2 protein chains.
Amino acid sequence: MLTENSARASQSKKRTRIQIENEERILDAALDVFSSFGFRGATVDQIAERAGMSKPNLLYYFRRKQDIYVAVLTRTLENWLTPLGALDPDGEPEAEIRAYVGQKLALSRDAPMESRLFANEVLQGAPMLGPLLATDLKEIVDAKAAVLAGWIAAGKLAAVDPVHLIFMIWAMTQHYADFDTQIQAVTGRGVATDAATFERARETVDQILFRGILPR
Amino acid sequence: MLTENSARASQSKKRTRIQIENEERILDAALDVFSSFGFRGATVDQIAERAGMSKPNLLYYFRRKQDIYVAVLTRTLENWLTPLGALDPDGEPEAEIRAYVGQKLALSRDAPMESRLFANEVLQGAPMLGPLLATDLKEIVDAKAAVLAGWIAAGKLAAVDPVHLIFMIWAMTQHYADFDTQIQAVTGRGVATDAATFERARETVDQILFRGILPR
DNA sequence: AAAAATCCTGACTGATCGGTCAACATAAGG
DNA sequence: CCTTATGTTGACCGATCAGTCAGGATTTTT
């Protein structure tokens, strides 16, 4: 976990009611703006306007633009990795993976901005959370890849590289959030707005993935 | 003089040897910078420095930053859609799709910057080539989806939504270019630098995809 | 209610960016 | 050769940006 980057909180005083409210409003606005334009493309004025406050006031809570960015990144990271952490080594492989894929797809529908925030960051070389990827992310991926390897060894899954399988699940599910613009341009409907499109996406992912990895 | 200057790159006046050379150097540099930082994050100075020329000289060839951007986008778009266009309705489904996936994966290895350029553009709502997606891209996707639908109707492919199948192929293959940073952080090796990682990626995509879509 | 701590803002600054311009340099064509 | 068209640059400009600051407003604490 990264350190708290709020100006106030870092001064080790108790957080007031107004601080809690405003910091949350700022982070919500920052998620919106950063996920749309990336770090360098976003402006503090944009975030301040969306948060409904003046720029100096925003900078009273987060002294630097970068502080807002890493705060919203770390706030989201936890929710983002939770589904993978929930993958139970003692569960049934098909049910466990199906649940995981379902949760990731639901996240692409319900929290596309979070997905695009990370996509922007990683796409540009992960300048901020690069170190975190090599430690925290690698750790959980290695752990869950070992679980998958166990299932493969037990003959409950087809012999696929476990790490790449995780990559493939990420690719298939997050694609519907990150490339929503493209999908809307081609199909006229997005996964976030149209329930039928979401259902079609879910069916396709399920069909390809589970016919691909379940033993025959 | 003014209009001639503004569209020097796109207009078909006789192009000098120096023009051809410099415009290519500029576009190469622009691909590098834009794919790393996105449109708003990139600076003209960066592109000029990477192209080995002064900023005013670069702006002599492309009067606006946006002109460089759309030029490099459109130059790449053709190469990017070529593999899908090569999908032959009269060929054997498995061989055709296998060739297409192989070409897309090779592009992720050999031309990751192009992939990231488009990913950045689409991720931020495709402000420049949005209209082009709804026309050209939709057209070719619809055409090739019809081919896939024909193969499904002939019982040569499992019943998957053809458009979403195309999305899945894009997601699985481009993931290795767009999220290379993340993959390197987790595995220590990237698909562009390490041949073994590329081979593992290819095997995984092949295995999941073709067990998933080929009739049993 | 008074004091103290917290919250908020208009006005500003220095840096950076996209883009211009006048003048100079080089190449092309006769 | 000389003339013309093309190529190149340092210096500059207005706009925008992140971040500062002094001081006033509001809330909390005593």
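Values in this document were obtained by computation on a predicted structure and should not be read as measured data. Proteins get letters first, then strands, A, B, ... in listed order; numbering begins at 1 in each.
- The side chain to side chain contact (heavy atoms under 4.5 Å, CB included) test applied to A:T204 returns A:I208, B:V160, B:D161, B:H164, B:M168, not counting sequence neighbours.
- Protein atom CZ of B:R40 is 14 Å distant from nucleotide atom C1' of C:dG18, rounded to whole Å.
- In this model, the phosphate group of C:dC7 is approached by a side-chain N or O of A:Y60 to a distance below 4.0 Å at OP1 or OP2.
- A heavy atom closer than 4.0 Å to some atom of DNA chain C occurs in A:S54, A:P56, these being the qualifying members of residues 44-56 of chain A.
- Shown here are the side chain to side chain contact (heavy atoms under 4.5 Å, CB included) partners of A:T187, two or more places apart in sequence or in another chain: A:I183, A:R189, B:V163, B:F167.
- Taking side-chain N and O atoms only, B:Y61 has a distance below 4.0 Å to OP1 or OP2 of D:dT8.
- Listed here is the closest heavy atom pair of A:Q124 and B:F37: NE2-O, 3.4 Å.
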Identify each donor-acceptor pair in which a side-chain atom of residues 139-148 of chain A lies under 3.5 Å from a protein atom, sequence neighbours left out, and give them as a table.
unit_1	atom_1	unit_2	atom_2	d
A:D142	OD2	A:K138	NZ	3.0
A:K144	NZ	A:G85	O	3.3
A:K144	NZ	A:L87	O	2.8

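- Between the CG atom of A:D67 and the P atom of D:dA18 there is a distance of 13 Å, rounded to whole Å.
- Smallest separation of non-hydrogen atoms from B:I47 and B:I26: CG2-O, 4.1 Å.
- Under 4.0 Å is where a charged nitrogen must lie from a carboxylate oxygen, and between B:R63 and B:D67 no such pair does.
- Judged as a salt bridge (Lys or Arg N to Asp or Glu O under 4.0 Å), and not counting sequence neighbours, the contacts of A:K55 are A:D45.
- Residues satisfying the side chain to side chain contact (heavy atoms under 4.5 Å, CB included) test with B:T82, not counting sequence neighbours, are none.
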Nucleotides 22-24 of chain D: which of its N/O atoms have a protein N/O under 3.5 Å away?
none

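- Here the rule is side chain to side chain contact (heavy atoms under 4.5 Å, CB included) with B:E21, and of B:R25, B:E24, B:R17, B:E23 only B:R17 fits it.
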Polar atom pairs (N or O), protein with nucleotides 28-30 of chain C, under 3.5 Å:
unit_1	atom_1	unit_2	atom_2	d
C:dA28	OP1	B:R17	NH1	3.0

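- Between the axis at the start and the axis at the end of the helix from C:dA1-D:dT30 to C:dG30-D:dC1 there is an angle of 10°, using five pairs per end and rounding to 10 degrees.
- Residue B:N22 has no polar side-chain atom (N or O) positioned under 4.0 Å from OP1 or OP2 of D:dT6.
- Residues forming a salt bridge (Lys or Arg N to Asp or Glu O under 4.0 Å) with B:D32 (at least two apart in sequence, or on another chain): B:R50.
- Between the CZ atom of A:R64 and the P atom of D:dT20 there is a distance of 9 Å, rounded to whole Å.
- Between the C1' atom of C:dT26 and the CD atom of B:Q19 lies a distance of 14 Å, rounded to the nearest Å.
- C:dC17 atom P lies 9 Å from atom NZ of B:K65, rounded to whole Å.
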Enumerate, atom names and distances included, each donor-acceptor pair closer than 3.5 Å involving a side-chain atom of residues 105-119 of chain A, sequence neighbours excluded.
unit_1	atom_1	unit_2	atom_2	d
A:S108	OG	A:T173	O	2.8
A:S115	OG	A:D178	OD1	2.7
A:R116	NE	A:A177	O	3.1

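- A heavy atom closer than 4.0 Å to some atom of DNA chain D occurs in no member of residues 117-131 of chain B.
- Atom pair A:I26:CD1 and D:dA18:P shows a separation of 14 Å (rounding to whole Å applied).
- Closest approach of A:A126 and A:L133 over heavy atoms only: CB-CD1, 3.9 Å.
- Using bins of under 30°, 30° to 60° and over 60° for the plane-to-plane angle, the ring pair A:Y69/A:F39 lands in the tilted bin.
- For the pair A:L58 CG and D:dC17 P, the computed distance is 15 Å after rounding to whole Å.
- Nearest heavy-atom pair across A:I68 and A:A30 is CG2-CB, 3.5 Å.
- One finds a side-chain N or O of B:N57 lying less than 4.0 angstrom from the OP1 or OP2 phosphate oxygen of D:dT9.
- Rounded to whole angstrom, the span from the CZ atom of A:F37 across to the C1' atom of D:dA18 amounts to 18 Å.
- Between the B:Q182 side chain and the A:V122 main chain, no donor and acceptor come within less than 3.5 Å of each other.
- Under a 3.5 Å cut-off, the side chain of A:Q184 and the backbone N or O of A:T181 do not form any donor-acceptor pair.
- In terms of heavy atoms, B:K65 sits closest to B:R40 at NZ-O, 3.9 Å.
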